[in-house]
Participant: 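Quick one: this structure, given as structure tokens, is what I'll be asking you about.
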There are 2 protein chains.
Amino acid sequence: MVFFKEQAVTSSDKTYFQLREEIVEGAIPAGAKLSEVELSTKYEVSRAVIREAINRLEACNIVERKANVGARVVTLTEDGLLELYQIREALEGMAARLAAQNMPEAEIYELSSLLEGQQDEVRQSHTYYQEAGDLDFHYRIIVGSKNQQLITMLSNGIYHLARMYRVQLGMTGPRVTTAYDEHKHIVRAISNRDGELAEILMRRHIQYSKNNIAVKLTKMK
Amino acid sequence: MVFFKEQAVTSSDKTYFQLREEIVEGAIPAGAKLSEVELSTKYEVSRAVIREAINRLEACNIVERKANVGARVVTLTEDGLLELYQIREALEGMAARLAAQNMPEAEIYELSSLLEGQQDEVRQSHTYYQEAGDLDFHYRIIVGSKNQQLITMLSNGIYHLARMYRVQLGMTGPRVTTAYDEHKHIVRAISNRDGELAEILMRRHIQYSKNNIAVKLTKMK
DNA sequence: AACCAATAAATTGTCGACAATCTAGATATC
DNA sequence: GATATCTAGATTGTCGACAATTTATTGGTT
């Protein structure tokens with residue numbers, strides 16, 4: 001399910017989307033060098049469009065580039081993950097508070113019934129939330145904040161990085177049902193127009209996610 | 001005083017910095033079209049480097065680009081300003097809290113003595129804080145947070161936008177001495193390692209700035 | 001054998017030209 | 001006179017080639 005459409009009009013757009021997906025989903029691993037000529041032959045486009053795509057990836061903090069040397073996929077450190085989730089906590093906590101103020105009733109209802117509809121699915125298969133469901137939920141609340149700069153900031157940069165972490169660290173599994181309940185509580189707070197509570201719950205929700213990943217990280221060492 | 005150096009190694013870098021300055025400082029006004037050929041003759045570089053510079057400006061939300069049409073300098077709305085300062089409040093509030101945890105004593109001392117040194121200057125000329133002083137203060141606290149992602153996020157994008165607002169709205173003047181005192185209180189909280197208080201004071205400080213600008217805005221209408 | 005210098009190969013940065021797309025003006029039609 | 005269509009101009013998107021810089025290789029010296 002694609003809930004925020006990035007439509008590629010130009011060739012650079014398509015290349016950028018493809019490259020980003022390959023990196024975020026791990027097909028191009030962390031630390032890999034992005035050779036312009038290699039990629040231009042692979043995607044059958046000019047080096048100019050490859051360069052433009054790489055520039056955009058650099059702006060998203062997905063690749064690092066050194067002048068006259070080249071671009072490499074960023075290697076994600078444990079500290080970097082902590083930093084990223086600190087930012088998410090601040091920004092999405094604010095988003096939840098603003099959503100409680102600004103989100104139209106119709107959007108709240110839509111989000112609420114979306115969660116309701118997934119209730120049975122969650123109870124049965126326990127496979128609900130690792131992916132699209134969680135992302136969808138968070139994105140709808142960001143949009144509900146009605147802060148345009150916040151929306152672009154998160155959907156252009158931070159989310160892709162966060163997903164990249166989860167993929168690279170093999171985070172596909174657990175923490176399913178509790179996250180679902182947390183989501184429900186957040187929606188209820190927004191529905192009650194209780195911004196303060198919504199922020200607290202959202203921050204806590206993101207902290208749980210962070211701790212969950214951090215635990216897995218320490219186990220791997 | 002330049003306290004965080006962006007050194008331009010390539011020609012695109014230089015063009016990007018120049019273009020950004022001209023836009024942020026108002027030489028190129030809001031809503032202006034950025035013609036690639038025009039700029040390439042003006043700066044005496046190829047269209048390729050102009051395109052790269054424009055792409056970077058787009059990533060900073062300084063220009064908006066439509067495919068096959070062109071790029072225009074963003075026109076700043078009152079709502080946009082509100083949104084921007086909401087984000088600053090969340091992020092820099094967090095930065096202050098983190099700085100109270102992570103900022104080395106040496107950096108705190110340096111910042112503190114910097115403020116002390118400006119005390120007389122403030123009392124006399126009342127011209128202290130409209131520019132570099134304020135920016136320097138905020139940047140040092142961001143750096144003190146030791147959150148690298150936060151540092152790049154703010155210094156690459158948000159600060160330039162915030163400055164652009166102030167320039168376009170003719171915010172050069174007042175709110176000098178009170179801001180100075182606010183800064184001193186924030187530093188004291190950081191020095192005492194009181195993260196909670198530091199965050200509260202920083203948020204309040206940014207709210208004051210926002211209100212100050214918002215008032216001027218309504219007067220202009 | 002280890003280290004340094006000079007050269008060769010490869011990669012990125014920049015350029016000018018062509019192709020694709022959009023915008024404006026003129027012409028035609030109702 | 002207003003609207004729609006077509007054409008001409010201008011602008012952006014894409015391409016391949018050349019220049020500048022970095023990296024790897026070779027050769028020489030201690």
Side-chain angles (χ1 to χ4, degrees), chain A residues 5-23 27-75 152 156, chain B residues 5-23 27-75 152 156:
Chain A
K5 61 294 164 185
E6 300 172 302
Q7 52 185 0
V9 32
T10 174
S11 173
S12 274
D13 293 341
K14 268 181 291 199
T15 309
Y16 165 62
F17 294 146
Q18 286 183 13
L19 246 179
R20 189 182 63 188
E21 173 145 350
E22 289 205 47
I23 293 173
I28 299 176
K33 169 119 192 260
L34 296 180
S35 164
E36 295 183 358
V37 290
E38 186 181 336
L39 291 173
S40 72
T41 57
K42 176 179 174 182
Y43 288 105
E44 295 177 331
V45 290
S46 159
R47 262 187 62 217
V49 331
I50 294 289
R51 278 183 69 83
E52 190 163 327
I54 290 179
N55 281 332
R56 288 206 236 176
L57 290 171
E58 188 191 11
C60 302
N61 293 71
I62 289 178
V63 308
E64 279 173 338
R65 150 173 283 178
K66 266 191 279 188
N68 291 313
V69 174
R72 309 191 86 91
V73 177
V74 292
T75 48
T152 61
N156 280 337
Chain B
K5 62 293 165 186
E6 301 172 300
Q7 52 186 359
V9 32
T10 172
S11 172
S12 275
D13 293 340
K14 268 180 293 199
T15 308
Y16 165 62
F17 293 146
Q18 286 183 15
L19 246 179
R20 188 182 63 190
E21 174 146 350
E22 290 205 46
I23 294 173
I28 300 177
K33 169 121 194 251
L34 296 181
S35 165
E36 296 184 357
V37 290
E38 186 182 337
L39 291 174
S40 73
T41 56
K42 175 179 174 183
Y43 287 104
E44 296 178 331
V45 288
S46 159
R47 262 186 63 217
V49 331
I50 294 289
R51 277 182 71 81
E52 191 164 326
I54 290 180
N55 281 333
R56 287 205 235 177
L57 290 171
E58 188 190 12
C60 301
N61 293 73
I62 288 178
V63 309
E64 280 174 336
R65 147 173 285 179
K66 266 193 278 189
N68 291 313
V69 175
R72 309 191 85 91
V73 176
V74 293
T75 46
T152 61
N156 280 337

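Keep in mind the model is a prediction, meaning the values are calculated, not measured. Atom set for the values below is all heavy atoms of this structure, side chains included, hydrogens, waters and symmetry mates excluded. Reminder, nothing fancy here: chain letters follow the sequence lines and each chain counts from 1.
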Participant: Which part of the nucleic acid does B:L34 contact within heavy-atom distance under 4.0 Å: base, sugar-phosphate only, or nothing?
Facilitator: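 The answer is sugar-phosphate, as B:L34 gets under 4.0 Å only of primed atoms, P, OP1 or OP2.
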
Participant: Under 4.0 Å from a heavy atom of chain A: give me the 5'-most and 3'-most nucleotides of DNA chain C that qualify.
Facilitator: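 Span of nucleotides near chain A: C:dT11 to C:dT14.
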
Participant: So, are A:E38 and A:K33 salt-bridged, with charged N and O less than 4.0 Å apart?
Facilitator: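 Not counted as a salt bridge, because no side-chain N and carboxylate O are separated by less than 4.0 Å.
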
Participant: In this structure, how many angstroms lie between the C1' atom of D:dT12 and the CD atom of A:E52, rounded?
Facilitator: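 Computing the A:E52:CD to D:dT12:C1' distance gives 11 Å.
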
Participant: Whole Å only: how far is the CG atom of A:N68 from the P atom of D:dT23?
Facilitator: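 After rounding, the gap between these two atoms is 9 Å.
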
Participant: Mind calculating the distance between CD (A:E36) and C1' (D:dT23) to the nearest angstrom?
Facilitator: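 Atom-to-atom, A:E36 to D:dT23, this comes out as 16 Å.
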
Participant: Can we say A:K14 and A:E44 salt-bridge, meaning some charged N sits less than 4.0 Å from an Asp/Glu carboxylate O?
Facilitator: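 Salt bridge: no.
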
Participant: Where is the tightest heavy-atom contact between B:V63 and B:I54, given as atom of each residue plus distance?
Facilitator: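 The pair with the smallest heavy-atom distance is CG2-O, 3.9 Å.
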
Participant: Considering non-hydrogen atoms only, spot the tightest contact between B:V9 and A:A67 and give its length.
Facilitator: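 Nearest heavy atoms, B:V9 then A:A67: CG1-CB, 3.6 Å.
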
Participant: Specify the residue among A:R47 and B:A71 whose closest nucleotide of DNA chain D lies further upstream toward the 5′ end.
Facilitator: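 Taking each residue's closest nucleotide, the earlier one in sequence belongs to B:A71.
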
Participant: Nearest-nucleotide wise, let me know which of A:A48 and A:A67 is further upstream toward the 5' end of DNA chain D.
Facilitator: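 Residue closer to the 5' terminus by nearest nucleotide: A:A48.
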
Participant: I'd like to know if A:R56 pairs up with B:E58 as an ion pair, taking the criterion as any Lys NZ or Arg NE/NH1/NH2 lying under 4.0 Å from an Asp or Glu carboxylate oxygen.
Facilitator: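 No.
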
Participant: Could you measure the distance from the CG atom of B:L19 to the CG atom of B:L34? Nearest 0.5 Å is fine.
Facilitator: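 Reported to 0.5 Å precision, the distance equals 6.5 Å.
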
Participant: Without decimals, in angstroms, what is the distance between B:K66 NZ and D:dT11 C1'?
Facilitator: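 For the pair B:K66 NZ and D:dT11 C1', the rounded distance is 14 Å.
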
